[in-house]
Amino acid sequence: MKIFSELMWFFKQEKKAYLRGVFVLLIVAVLQVIPPRIVGIVIDEIDKNTLTGRQLLGWIAVLVLAALSMYVLRFVWRVSIFGSSNKLARLTRSRLFEHFTNLPMSFYQRKRTGDLMAHATNDIQAIQQTAGFGVLSLFDSLSQGTIVIIAMLLINWKLAIIVLLPLPIMAILANFYGGMLFKSFHLAQEAFSNMNDRTHESINGVKVIKSFGQEKEEIAAFIKQAEDVTAKNYTVARIDGLFDPTISMISGICFLLSFGFGGYYVTQNVITIGALISFTTYLGLLIWPMLAFGFLFNVVERGSASYSRIKTLLAEEVEIADEMDVINATPSGDLHFMIDSFTYPNETIPVLKNVHFHINKGETLGVVGKTGAGKSTLLKLLVRAFDLTDGNIIFGDHRITRFKLSNLRKSVGYVPQDNFLFSTTIRENIAFAKTDLALEAVMEAATLANIHRDIEEFSDGYETIVGERGVALSGGQKQRIAIARALLLNTEVLILDDSLSAVDAKTEEIIISNLRQNRLDKTTIITSHRLSAVKHSQQIIVFDEGEIAQIGTHEELMRQQGWYKEMYLKQQLEESIDQDVLTQDMNIDYTK
Ligand code: ADP
């Protein structure tokens, strides 16, 4: 029951609603014992032949009044208690979501998306149940149970004790079966979500599956998982199947005792026939509180497990946070990289060493080098995906950590290689960070990213839905949409992190030339495997194993012996061979 004290902050916050709910529950419990008693009295009057029409009408009026009041009051407690528990769910859900959005990349590297989704749904639901159904069960079983038992004791205490003996067994069994049911239900849900994960992955990876001829294996693996889901749901059904008959049997025993002993008492004139009828009706009213009492423990147990999981998540540190005394300026100006060394959290070997250089405002920097040389890491440090421990990056007049994180990120547009498009329209994907912009501005950005023509060719143009529910875009088209998205913001610094890898050389040239014309006074950083993408940069850095191996303009680097010149010549050669193949292809007369 610790969970109730842990949730006390919320109950206090919603004090009025909960007090109202619990108070109304209590009134309903009292009202509930009235109708059975009236029925008993009326039957006794009939039995004695003393019932008049007026009396009967009077009793009926009381019954109707009690029924109407309960109707209204039950509505009130439901709204008060369940409505409040919904608020708790909303509050926890938004807290968690906000926390998720602030957590660093490293967190998402550690956690599986499926798990996080489960926390955001199942755990929150369990907490909501505790604050709703849990509170209801606690007070309802206590109030209704106590009042009905008192009413029964008042009719005949001996009969009450005999008849009530089996009821605690019902509460114990409800708790026991409830626990088993919960466990097996949980396993069934887990199996179902595993199957879902697999389906999702198989559909996403269907191209790979087909190209490796793995269809049969995939189908076999899927069938196995589907069978697992069935087996686990079967267990749930079996426990469920045991539960209902058991409860019916125990309540049946209670009724049997009631009729047996009660009938005997009636013949002995200890109680009247009307009193016995009221008594047995009360017995029916006791079944629910007993069940609720049994369920209560399960609900509470689940709730506290979920609450502690959510608390652990909320306690995850937001590694990158604003400093205490941030300035409210917009970052702008030259960039000075003074990185002595950088090691990823939980790693031991530094991935960047002694990286010192600067970029004047408005210049374009090219960053090249082998895969794994540290290019992306350098850029991630600039947007503070990770924080530097050994060194500084200065933006304008300040260290980047001095700016508000939100301001810094608004000043630096980042287009990663594996960009993400949402399942919405192309227009909304481009205007992602500026939803209120006119279509003309979106078109302008798309034109700069050389994707406008492609979009116009889609049947719904800019309103075409992207992804699973709509058009399948090529890798190059996706990249260009992501570039348009970043260009629209016209940020102080634009980073293209190998984000031209899937476009052809010609398109790349057009985009680079558009960028040069449009971002004259703005800084641009381009990393690329294709050196033609950085050729025109005012400065090119060649990375090798986390260190600057070469630095200079294209011309300067071409005069040096080194990786850059070697690679450039190699790529040129490859391109001219490709061109030759293409022209030869065109010259072949296929009619022969
Ligand atoms: P590049 O962009 O030049 O291909 P990266 O900057 O992505 O290189 O990677 C540089 C090195 O850092 C690689 O050895 C890579 O494995 C490592 N690395 C990249 N990201 C992480 C991370 N989040 N945690 C630990 N190591 C990482």
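What you see is a predicted model; the values in this text were computed from it and never measured. One-based numbering, in listed order, for ligands and for the atoms of each.
When each atom of ligand 1 is checked for a heavy atom of A373 under 4.0 Å away, the hits are 1 (P), 3 (O), 8 (O). Remark: ligand 1 atoms within the under-4.0 Å shell around heavy atoms of S376 are 1 (P), 2 (O), 6 (O), 7 (O). Close approach of ligand 1 to K370 is summarised as follows: ligand atoms under 4.0 Å from at least one heavy atom of the residue are 3 (O).
Taking the six-membered ring where the residue is Trp, H452 and Y462 present tilted rings, their angle falling between 30° and 60°. Aromatic ring orientation, H336 versus H358: parallel (interplanar angle below 30°, classes split at 30° and 60°).
Remark: atom 16 (O) of ligand 1 lies closer than 4.0 Å to no protein heavy atom. Contact annotation for atom 25 (C) of ligand 1: protein present (non-hydrogen atoms, distance under 4.0 Å).
Contacts of T377 with ligand 1, taken as heavy-atom pairs under 4.0 Å, involve both backbone and side chain.
Under the ring-ring contact (aromatic ring centres under 6.0 Å, His included) criterion, the residue pairs touching residues 549-571 are H554-Y564, H554-Y568, with sequence neighbours excluded.
A heavy-atom separation below 4.0 Å is found between G374 and ligand 1.
T401 pairs by the side-chain hydrogen bond (donor to acceptor under 3.5 Å, both in side chains) definition with E323, R399, not counting sequence neighbours.
Under 3.5 Å, the side chains of T507 and D504 contain a donor-acceptor pair of N or O atoms. Under the 3.5 Å distance criterion, with hydrogens and angles disregarded, no donor-acceptor pair is assigned to the side chains of H186 and N122.
In terms of protein heavy-atom proximity, atom 23 (N) of ligand 1 is closest to Q109 NE2, 3.0 Å. Looking only at heavy atoms of the protein, atom 12 (O) of ligand 1 is closest to V351 CG1, 3.1 Å.
Among the atoms of G372, some N or O lies under 3.5 angstrom from an N or O of ligand 1. Residue K375 has at least one nitrogen or oxygen atom sitting less than 3.5 Å from a nitrogen or oxygen atom of ligand 1, judged on distance alone.
When F342, Y344, Y108 are checked for heavy-atom proximity to atom 20 (N) of ligand 1, Y344 turns out nearest.
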Legend entry - side-chain hydrogen bond (donor to acceptor under 3.5 Å, both in side chains) evaluation trace for D497 with S376: CA-CA 7 Å; D497 191 0; S376 290; 2.9 Å; yes

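Residue Q550 places its CD atom among more than 12 non-hydrogen atoms of other residues, nucleotides or ligands, all under 6.0 Å distant.
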